[in-house]
Every structure is written in structure tokens, then in C-alpha cells.
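Quick notes on the structure that follows.
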Amino acid sequence: MSQPGRNILVVRDVCKSFPGVKALDRVSIQVPSGVVYGIVGENGAGKSTLMKILSGVYEKDSGTIEFDGKVIERTTPIQALRRGLSIIYQEFNLVNTMSVGENIYLGRFREMGGMRGVHKKARALLDSIGSRISTYAKVGDLSASEMQIVEITKALSFDSRLIIMDEPSSSLTSEELKRLGKIINQLRDKGISTIYISHKLDEIFEYCDIVTVMRDGCVIDSRPVSEMSRSEMIEKMVGRTIDNEYPPRMHCVGGPLLEIKNLTTRKLHDVSFTLNRGEILGFVGLVGAGRTEIVRAIYGADKVRSHTLHLQGKQTRVRNPKEAMVAGMGLLPEDRKREGLILPFSVEANITMASLDRLTRHGIIDRSKEKEIGERQIKNLNIKTPSAQTRTHSLSGGNQQKCIVGRWLELDPQILILDEPTRGIDVGAKYEIYTLMNRIVEAGGSIIMISSELPEVLNMSNRVLTICEGRVTGEFNPETASAAEIMSRAIG
Amino acid sequence: MRNENKLLRFINQNLVLLGIIVLVTVTAVIQPKFLMTRNLTNILRQMTSLAFVALGMTFVIIGGFIDLSVVGMVSLVSVITASLINPIGQVGALLCGLLAGALLGYLNGTILTKFGATIQAEVLFITYGMSSVFIAVGLLVTNAETLRIARSTRPYDMFTAIGSGSFLGIPISILIFAVILAIMYFFQTRTLAGRSISLMGGNKTAAYLCGFNINRTMQMVYTINGLMSAFGSIVLMSRVTTATATLGTGYEANAILCVVVGGTTLAGGKGNVLRTLLGVFLITLLSNCMNLLGLSTYMQTVMNGAVLVTAIWLDNRKRL
Amino acid sequence: AEKKEVKIAFITQSLENASQAFAWSQFQEYAPQYGFTPYLFEEGYDPQKGVAAIGTCIAEGFAAISINPTDPSAMIPSFMEAQKAGVIVGMYSSEVPEEFKQYRDFMCGTNDIICGEVAAQTLMEAFPEGVKVVEVGGQSGHDAQIKRHNGFFDTIDPAKVTVLDSKNCPRWSSDDAMNIMNDFITLYGDEIQAVYCHWDIGATGCIEALKAANLLEGVYVIGVDGCMIGYDQVIEGTQQLCIGQNFTRMTTDTLDTIQKILNKEPYDEVTFTALDVVTPANVSTFPYPKW
Amino acid sequence: MSMTSVLNKVWKSLSRQKAVLAILALVTLMLFFDTNFFTPYNWLDMLRSTSIIEIIGFGVTVVVICGACDLSVGGTMSIGGILAIMLVNANYPFWLAFLAGILSGALVGLVNGFLVVHQKTEPFIITLGMGMLLKGVAQQLTNASPLSSRNMEFMKISNQQFFGIPSLVVYMAVLLVAFFCLLRFTGYGRNCYAIGGNYEVAKNSGINVIRTKWIAFVISGSTAALAGVLLASRMNTGSSIYGDTTGMLVNCGIVIGGTSFAGGIGGIYESFIGLFVIQLISNSMGMLGIGGYSQQLIRGIIIVLIIGMDCYARKRKREAV
Ligand SMILES: Nc1ncnc2c1ncn2[C@@H]1O[C@H](COP(=O)(O)OP(=O)(O)OP(=O)(O)O)[C@@H](O)[C@H]1O
Ligand SMILES: Nc1ncnc2c1ncn2[C@@H]1O[C@H](COP(=O)(O)OP(=O)(O)OP(=O)(O)O)[C@@H](O)[C@H]1O
Ligand SMILES: [Mg+2]
Ligand SMILES: [Mg+2]
């Protein structure tokens, strides 16, 4: 059904500037009908910005956009939708308090003939992609992948000819990812094009037909995926040759540092494990397996039913994050915007907020030291920001993440817990974070690392624990165990 | 061109100041008596009590909360202080009054943290209920009678000095306020405790995960607010020399308005105690100017509301 | 058989007002002597609550209501209903407009208009050659404030009394009174010869303002209420006139009238309670108030 | 087994709505006292007494569902009533009085909407200021003294009975059903929920968020003014002091009922219950002879407890181990 040769979307010389940043610089792409079009690029390369211009959230400064043969001057999200261009954002775009059906037909209640029509049509659409989600279920009660399906269904309900997915996989498990892949293939068969943005290059190679690499607001290259190798792609993304996606594994594991026994909460059942000195311990599991819950419990952020915690052989009580910090722990939380950063505050304030105690004498903060720390971490981590006083909400995701990493580096904790440290972060920045992790263990610290990217865990950790439904189901040496072996334990 | 822009930006950033200047100029031209020293000191005296309450409220709002119980605290503290002069003397009464304010604030903070109220709306209505409770307790204690400090058999010269005395021509109450303001400014900008308030206002979860004790910070904020209300209450009481269980009615709304007009956003995190002072000044000045210009009381209420709505609106436009 | 309880209601504007609180204490003290059980309802300055209270009284089968409403005319529809249900309606220290008098059974106390009149007359007697006065009114929109203002203005002789300025307070609070007085002082300075304040505690604020401006000497301060503070100020000589209302009398008159109506005896529809005109000269002849 | 599960379900839904619990508790309490609390007259009277704030509450609920609040309704209400009385006294027909009243409210809503929705100001503070302004206007209009109607027919509108049911209760019931349907079954109502639930999403889904939310303010202003006209008829008077405590009271009642200020959660039924609780407290305490300060104390404590328990339940849920 696809019409080769015909472009559904043509973007020519689009520019966009934000105060102090040239986010897009003469960007041109052409998306044919019925293809999956991948876009990759470092954090802050301008991928999301381009998509937001296409969907009408931002206005372009200059350039032309042609959709389905028609030149589009200005557009709003809803006009774009009705024209047949829908976008699934990095963050979900659903009303949690309303039902699935109403979310799919949000704003078109009357056109669909009231409550009954909405649910009937939603049911039919969901059935057509083989989903069994109830249309009456509240979206807030759904899992991440189910929400994604609702988003896709919503896009389909508009008869979209182009669906943009901005990092759709960042919160999906591999199982759910497979389902998503199937749906994308279905879309392709229907002649619907997909723009697929991801930092996970495996997915790009698996799903995409054509790929565009962006860097610093420019398109570096656009080619069929088959014509580009992985290393070539990475090289183009970061603008330099990377021999390896991962730095060499460290081997400086010492004696036991932290012992957890019988950790039990509503979701966790009798979790016990040991973290050694100088070790990177990886947690592998599906979303909702309880990895975050384990580390939050250790860190004292959540209440627990029972557990004992031995730190350097001594039983220690950690009832809140403060005590955890005193005991030498640090936590990089899963959701950087909601739990990590204070978005309206400056980069500096965000970096120093965990180490304020040390800068304080008689209750008074030493401002010059604070500045010094801010500058140091910005330089140390290579955070791209106009100044230390810039508010963090204008930073790109990766740079935001670096601010939080910087916060903990400054504190130099014995045990650093990283919950999805590289989620939504580009390859270059990832590499930097990996190097940082190695530096920490080299200096005698230990790391617990949670990640949904299996290769990352396998390449970085000294030991891997698999978690399934709140239980520790296995322990592996990543250097000897195969990925398949580990995954099978993680699935349960 | 450049300079013009700069000027515009300055004006934009200091609308309240501009409003004050315009108001002062217009009033002074139409009614030269406005500039009499006595009038100016009157304005200062008049604003101090509200300024104290607004100062406390600034911290609450920076912390991301709100407090409607200040009127209850102001009245209850005045009742407690006035009725303690006879039995324990004026110094004791003063200290007890301040302590009582801090305790009432602490009570608020404790109730809120125990219930786990984190959304501003929840806090709003719980403190609204608390206000009712405080006022009712004050009424039960006094049986709605007005206590007059002049009726005490012990000396009460310290209270009259706070209310009407001057030092080098400056009202004593404003001197006390200046000292407290300086302390509070330092507290807000330079101390860890002050910073923890704005961090909490910015993002509670993030602050919590960085080792800040949110419940304690919240209690601290409300305790400060209670203490400031107590200061406001004592200043007000010594000025009018009476204490009732309804003293300070309307202070809750006025204090919030002063804080917001001063540029502290209700979203929390951002704010400045010095700017609040400008807000208080504008509001106090407004009623004085209206009275001097001979506007009817009703017209004043209209103008008050209109100025507030406009001030907030303009301030908001600037932020857009 | 046990005798049925006779419930009477005292509906007041707000107990935050000390005079009302005292009046209620008088009901509590004297009602049992008549065999009545007094119940209290408070409007909180919101007439809707008064209406709701009357509804409750009807539902609960009260024998009588004595009401001092925030806004008498707003009560008329519910008075009609109460009368229909056989509940005696009495006004307390307040009166309904002329055309609605049929909807209440009796009135005890004074009318605030008379307070204003007495203030005006006494002032004119004290300054036969004429006087310049400022008025500091009570809570604007409030029944007592309106009547005390109207009574005063309708009585004064414009040839003799010059009203320099007149402003109401947003609330019955002495700091509002003080602020207004301060602004009057700024505007008129020593021109002010007299101050008519609608309530004694407000007068405290005016006196403090005058004191601070060193103008108190020779200014004739008038207050209404007759509470302890008013008396104190008269005794001190800072307030020259205090117009007092005798709430004990008002209460006993109310109870008397209710009893008469219940016993189907003849009764006076209106029982006036004389106002106490307290001046420094005669203050010792009045009993010191209990509130 | 099924019995316990039914009970469990009932308990769960009850504990989700503390206001219903409070009503049950108060009603149970009243069983132990010999009063006329359980007479039909009393219940009708309570409904009538609460009807004005209920009607205002229905309109405000729409705004709250959209994720804002409206504290200016007190002033709107008194202005609506004053205008109606003025027109009635000038011998204009009643429908005109109603129309003028409601239009004045709509105008206020329009301005509120402009400031809050279009200009994106903080609704809490801006409507608080607006309420202040309106009170001043009301005072200006009436010279701060109550304005009585001289037309007994006008008074009848709110003071008559339909088949033994007070007319105000009937009006309230009609509006209750109308608003319930508006929020539940119409596209407009669903859009309000979407806006309150997630503003950005609603906007991106093509809902005209500005218009919808703006209309919510107009609805809220109009119902407040309508309530003001009905109140004027009930009281036979229009006055600037009527709305002093209304704004806070109505919004508080709505929250007590369980409609969230965060938007998107709650509804008309919840608001109805929440506002009714407030009336029930004062009625039952009045009957028990608890008056004055103690009543104020108890009311304060009950408000703190109901809202506090709601918070506590949410906190427990968040922290459940
Ligand atoms: N609203 C904004 N205001 C100012 N600058 C912005 C804004 N949005 C994006 N930027 C800047 O524009 C640049 C491109 O950001 P964009 O979000 O498009 O990157 P991205 O390629 O999607 O990165 P990521 O992979 O981290 O999501 C960044 O430097 C970012 O800081
Ligand atoms: N069965 C469930 N019921 C309710 N909430 C759930 C359930 N499963 C997961 N969640 C929610 O999803 C979040 C993620 O779950 P959790 O943190 O336990 O898993 P994880 O292994 O860390 O997953 P992730 O890969 O997302 O980090 C939890 O905080 C929880 O709120
Ligand atoms: Mg992006
Ligand atoms: Mg997780």
C-alpha cells in the first residue's frame, strides 16, 4: 500500500533558536510514506525540538515544512493531529484521572456521539491492534507499556499518516518493546510512516528503514539503515571516533561493605544481598520488578516491614535519606524531573544541594565555596549550560542528569546508587558517566546500578543480580554468563 | 534604544516600587499634608504589625505552603500577652506571648505534618479550620471581652513604648522590625535552614532525597510564622493598647496579598523578604492615601481590590 | 407528668462582640428564673445563618426567639414563617423597618438611632457655640453602624455642628479606628474639637491616636456601648461621653414580655430601655458595668 | 463471605468520602438526643438553608474541576442580589431582575476568566482580590446599607412551597441535576475533567482549553449571581455584607466533599455532600444547644479532621509498606 517515491514529510532548512542556544540549524529531512524513519543524536542535538516544531508546539524561526504535499506555515498540535501527524512525547501525554476510552477520544466527545460512542469506538481500535486493555480502566492505573498502547491507539484514532515516537522505549521492558515493534510493523504495512527517536541503537537497527543522525542542531547524515554500521553511526553522533561504547571493566572488588538481609515490604519478599567494596553491582529486571523499591528502601526513602542492614559489619539503622547520607550513601533517582532536580533552581543550587551541610559553619552557608563547587562539577562533568546560574529546566535531559551526578560526586559517597543513570542520555554522555563510575570504584567506592539496558549492566558491573516480582532470583558473573541466561532468570 | 530597553526592564522588574512612587507623588501633590512627618511616622507605625505577619507568611509561601491561621494566632497571642501582664509582669508577658506564638505555629506545623498535608489546598483549609479553633479558644478565655493594657495594675510602659515610643525620632516598633527583618533576610539568604525552606518549596521529593527533613523544615516554617505573628500581635496590641480575640481580623488575606504583590509566587521556592516589605508598604500606603484624598470608605475597598488585582496581573505578565 | 421544657432562642450577630456576649450571659442567668431554657445562635455577621437559625428554632419547637440581627430587614420572610409556626418573635436592641413591624411580636431595648440622637444632642449641649467633629463609624454596612450614623446626622444642627469628615471602619476593630483617626489628625490637626466614635473600644483607638499627636487635651470624645473600657475612659477623663445600654434590663424585659405572651396576658409591644448617658460628672452614679 | 465483602466495599467507598462519614457520625450522634432533628421539616429546612451555598458551590465545582478555584463568589453573589432588588424596586419585571443579576455574575466570571485563564494568574490570589473589589462595588451601590425590596411578589420566589417543598430546595435540586449532567454527560463537562486532569494534554488534544476554562469561570460567576438573586428574594433584601464569608465557605465545603483543588477529581455530588456537612454541623449543634464559641471551636476541629483524615489516608497510601 505504501507509495514509494512519495514523501509524506519534507523539511527544508528549518532553524530554531532559544535564548542562548541554536537548537536547530538548517535542518532538512525527507520522510517517505510507509517507512520507519529513525533519528539519533546526542542529548541536546535538537531531536525533540524538531518534533515539537512539526507537531506545532514550537514555532520555527525559518525554513519550510511540507506535509502530505502541502506547505504548512503555522500549525497547532490539534491541527497537526487532524492533518494526520501525531506525536507520542518522551513524557506520556495522557490524563491519568480519566478512562482509556476518553483519553483516546479526548476533546472529540461530541463527534464520537457521547460516552457510549467513545467507548465503543475505542474498543474497536484497541481490538484492531490486538490489545485487551479495558476502555473503562483509569489511565493512572495502567502500566507504562499499556499507556504507550493507549498513546498509539490515540494516534491511530486520528487516521494518522505519520506517527512520531520520541524515545518510546525508555520505559518499556524488552517484552513490551517486542510488542511495540510488532505494532510499528503493522503501521508500516498500512502505509503509515513512523519517526522513531531513540538512544538505543539496537532498536534503530531492528526497526528502522532510514536513519538520520543529528548533532548540535544539524543533520549530519541521512541514509538507509542498511548502509550504515553501528560504529559509523556512533562516530557521526559524537563527532569523534569511539572505539568502545564502554570503558574497560574495573576489577578492584574488596571485602563486604553493605549487607542487606530479609528486606520485606508490600512488594519485596525477603530480599538479601551483599555489596562489596569497590564493586559495581547491577540489578536486572523488568519494569515493576521492584528494583527501585529495593534501593529506595535501603536508602531509607520508603518505609519497610523488616530488614537488617550491616555496614562494614556493623548493624546500622537507616530510616531516612539523611541517615543514609550520613552512612555514606547517595541515590540518583529514577525520575530526574520529579525526584531529582529542582527545575526552577539554578544548576549550581542543584549541584550543591546535597553537600550544603559541609559548606555550612554555624548554620551559615559559605557562598564562595558553593560557587566553587558548582563551577568545578560543571567543568568536571562537561555540563552544557550557559552559566552556573542557568535554571535547570532549560537544560537538555542528559545535562540535567549530569547535574544530579555532579551533586553526588561532590559528596563522594561510599555507596552510590544509580537508578537508570543513563535513561534518555546520548552515547557520549553515557560514556562519560561510565568513566565516572569507574573512577568512583577505583577510589574505593561501591556502586549499585539499576538499568533497563542489559548490555550496559553486563559491560559495567562486576556482579549482576536478577530481580523478579520482588525477589532476588539469581546472581551472575557477567563476564561468564550469557545475556540469554540472565534474561530468563529476570523474566522468572 | 538599548537604554530604553534597560529602563523598561527596570520598570518591569520594579512595578511595586513604581506604584509606590506614583501613589506618593500624586497624593503629595493633591494633599501636601501627606508629607508631614507625623503622617509618615504614622504610616510606618501602622504597617509594622502587618509587616511582621507578612514576613512570616513569606517563609510559608516560599516553602510552598500557605497559612490562613495567622489571624487566629495574632488574636490569641494578644489575649495571652495582655492577660499575663498583671500576674507575671510585662517582660514575662512579652516573652510568654512570643513563646505562645511560636508554639501555636509549631502546633500548626505538627498537625500538618502528622496528617501529611502536602498540597497547598489541603494546607489552606486545614489552617482555615485552625484559625477558627484559635479564635474560639481566645473567645472562650476572654468571654469576648476586650482587655485593655491600661487597666493592668503592673507597669506596662514597655508595651506603650513599643506602640507609641520613638528613638531618635524613629518609632520603636519600626526599629524592632528593622532588626528582625535584617535577621530574617540573613536567615533566608545565608543559612542552611533558610535554604532548606526554598529547596523544599522548589521540589519536596528532591529535597527529601538529598537528606533534608521535610517535616522538620515544615514545622520550622510554621514556627517562624507563629513567632512573627506573635511579634505582629504584640506590636499591634501595644499600639491600640487593647487586646481582643478578634484582633488582626483580615490579616490573613492582607498578609498573603502583600507577599504576592511583593513578587513571591504561590508556587513556592522563589521569594524575597525584602520585596514583601515593599508589598506591605504599598498596601498600607494605599489606605492612607485614599483617606487623605477624601475617598469614601467604599471607594477605598474598590480601589484596594483593583490595585491588588492589577498588581498581581502586571507582575504575572512580566513573568510570562 | 414532667413539664415540657420551654426553649427560647437568643440569636445574635456575633459573640465576638462583647456586648452580645454579655447579653447572652444575662439570658443564661435570668432565663431559668422564668422557667425557660435559653439556646444561643450566632450569625457571625452573616444574615443567612440567622435565617437558618430561625429554621432550626421552628423545627425544634422553640417557644420564642429574641433576635439582634445583623440585618433586620433580611429576617422578615423567616419572621413570617416563625409566626405562622407559632413562635414568638422578639427584637432585641434593634428594630425592623416601619413597614414590617407586624411581622415581629415585640421589641425590647433601644434603637441604635437613638444612640446617635443622644450623641448629637449631648454634643450640641456641650458646645453651644458650635463644634467641629469627625465621625469614626463602625463596621460599614452593619445595622448598628448605619443607625448610629443616621441618628446622629439627622439630629445635628448643621448651623452649629460642622462634620469635618466621616469614615467607617472595615471591621469593628480598634486598630482600624485608630488608623482612620490618625488620618483625620493629619488632615485636620487641631481643628478637631470632637470625635464621635460608634463604639467605646474604637474610641480607645481614637484616644490613642490623639494622645500620640498630643491633641487629646480638649477634644470631646464620644463612644457608644457602656462597657468597662468606656467607663474607664470616662473616669480617666479621656472620653467625655459614653452612651451605655443596659443589657440586663433589656434581657429581663425580653423575658418578661415572652412570659406575658405565653400566659396570654397583655404586653407592651415596645419596651424601651433608657440609655445611660455617662459623663465624667455623673459616672460615679452608675453601677460599674460587668463587661 | 459475600456479606463481608459487601461491607468491605461499602466501607471502602465511605472512607474515600469522609464527608459521608461525617454525616453518618452526626446523624448517629443525634439519635441519642431528644430533638426534632429527624423531622421532615428539619431536613427540608436544612436543605433550604444550605441551598444558596449549594447553588454557588455547583458553579464553583466546575471551576475547581478545571483545576482553579473561585473565591470571588461571595462578592458576585451580593452584587447579583443588589442589582435584582434595585430593578425590582424600580418596578422592572422579575425576569429582567434575574437576567441583570446573572449577567453581572457572568461579567465577573468573564473578567476572572480573562485574568486566570487567559493571563495565567494564580486563581486563588486573583479571585481573592476580585472578591474584595466586588465587595467595595456592592458597598458603593448600596451605600453600605441593606436594600429592602418593596415587592412582596418578588419575595415569594424563594419563600413559597411547591407541594410542601420549599421552592429553594426545588431550584437547588433542578440545578443539581443540571450540573450533574453537564459534568458527567456532555462534551463540555468531560473537557473540564480533561483540563483539570492534565492541562497540556487537553490542550494538545485539541480541546480549546482557554475557552472551556474561561466558560467555567463564567458559569461559576453566573450561578453565584443567580444564587444572589434567589437569596435577595429569600431575604427580601440585598446587601454588601452577605458574601463576606461565602467564598471561603463554599470552597472549603467543596474540598471537604472530596473534589480536589488539583483538578480533574470529584464532582457535583461530592460538592453537594461536602457543603451539606457544614450546614448539618451548625444545625445539629444548634439543636443540642451548643452555641457560640464552642460551636466555632467544634466546627474548626471538624474541618481540620475531615480534610486532615483525607490527607492522612493519602499519605498512608503513599507510604504503605
Ligand atoms: N524550551 C526551551 N528553552 C530553551 N532551550 C531549549 C528549550 N528546549 C530545548 N532547548 C535547548 O535546545 C537544545 C535541543 O534540545 P532537545 O530537547 O531538542 O534535544 P534532544 O535531541 O531531544 O535531546 P535528548 O536526547 O536529551 O532528549 C538543547 O540545547 C536544549 O537545551
Ligand atoms: N503491581 C503494581 N501495582 C502498583 N504500582 C506498581 C506495580 N508495579 C509497579 N508499580 C509502580 O511502578 C513503579 C516502578 O516499580 P519498581 O520501582 O518497583 O520497579 P523497578 O524494577 O524499579 O522498575 P523500573 O524499571 O521502572 O525502575 C513503582 O514505583 C510502582 O509505583
Ligand atoms: Mg529529547
Ligand atoms: Mg525503577
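The model shown is predicted, which means the values in this text are computed figures rather than measured ones. Each chain gets a letter, A, B and so on, in the order the sequences are listed, and its residues count up from 1.
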inquiry  = Tell me whether the count of non-hydrogen atoms from other residues, nucleotides or ligands lying under 6.0 Å of OH in Tyr199(D) goes above 12.
reply    = yes
request  = Side chain from CB out, backbone as N, CA, C, O: work out which of these in Leu112(B) comes under 4.5 Å of a heavy atom of chain D, or both, or neither.
outcome  = neither
query = What part of Asn251(D) is in contact with chain B, defined as an atom under 4.5 angstrom from a non-hydrogen atom: side chain, backbone, both or neither?
reply = both
message = With heavy-atom distances below 4.5 Å as the criterion, would you say the side chains of Leu266(B) and Phe124(D) are in contact?
response = yes
ask   = Using non-hydrogen atoms and a limit below 4.5 Å, what part of residues 130-142 of chain D faces chain B?
value = Met130(D), Met132(D), Leu133(D), Gly136(D), Val137(D), Gln139(D), Gln140(D)
Closest non-hydrogen atom pair, Ile303(D) against Tyr128(B) = CD1-CE2, 4.3 Å
task = Verify the neighbour count for atom CZ of Phe114(D): are there more than 12 heavy atoms of other residues, nucleotides or ligands below 6.0 Å?
result = yes
note = Whatever's closer than 4.5 Å to a heavy atom in chain D on Ser131(B) counts as neither
query = What pair of heavy atoms forms the shortest contact from Gly300(D) to Ser132(B), and how long is it?
reply = CA-CB, 3.8 Å
ask   = Given a strict heavy-atom distance threshold of 4.5 Å, which part of Ile301(D) is in contact with chain B: side chain, backbone, both, or neither?
value = both
task = Name the region of Thr127(B), side chain, backbone, both or neither, that has any atom closer than 4.5 Å to a heavy atom of chain D.
result = neither
remark   = In Asp310(D), Ile307(D), Leu305(D), the residue satisfying side-chain contact (heavy atoms from CB on, under 4.5 Å) with Phe115(B) is Leu305(D)
note = Gly116(B) and Lys315(D) have their tightest heavy-atom pair at CA-CD, 3.5 Å
key: Single hit among Ile135(B), Val137(B), Leu139(B) for side-chain contact (heavy atoms from CB on, under 4.5 Å) with Leu297(D)   = Val137(B)
note = Turns out that what part of Ile125(D) lies under 4.5 Å from chain B's heavy atoms comes down to both
ask   = Non-hydrogen atoms of chain D under 4.5 Å away: do they reach the side chain of Ile119(B), the backbone, both or neither?
value = side chain
Proximity breakdown for Ser69(B) and chain D, heavy-atom pairs closer than 4.5 Å = neither
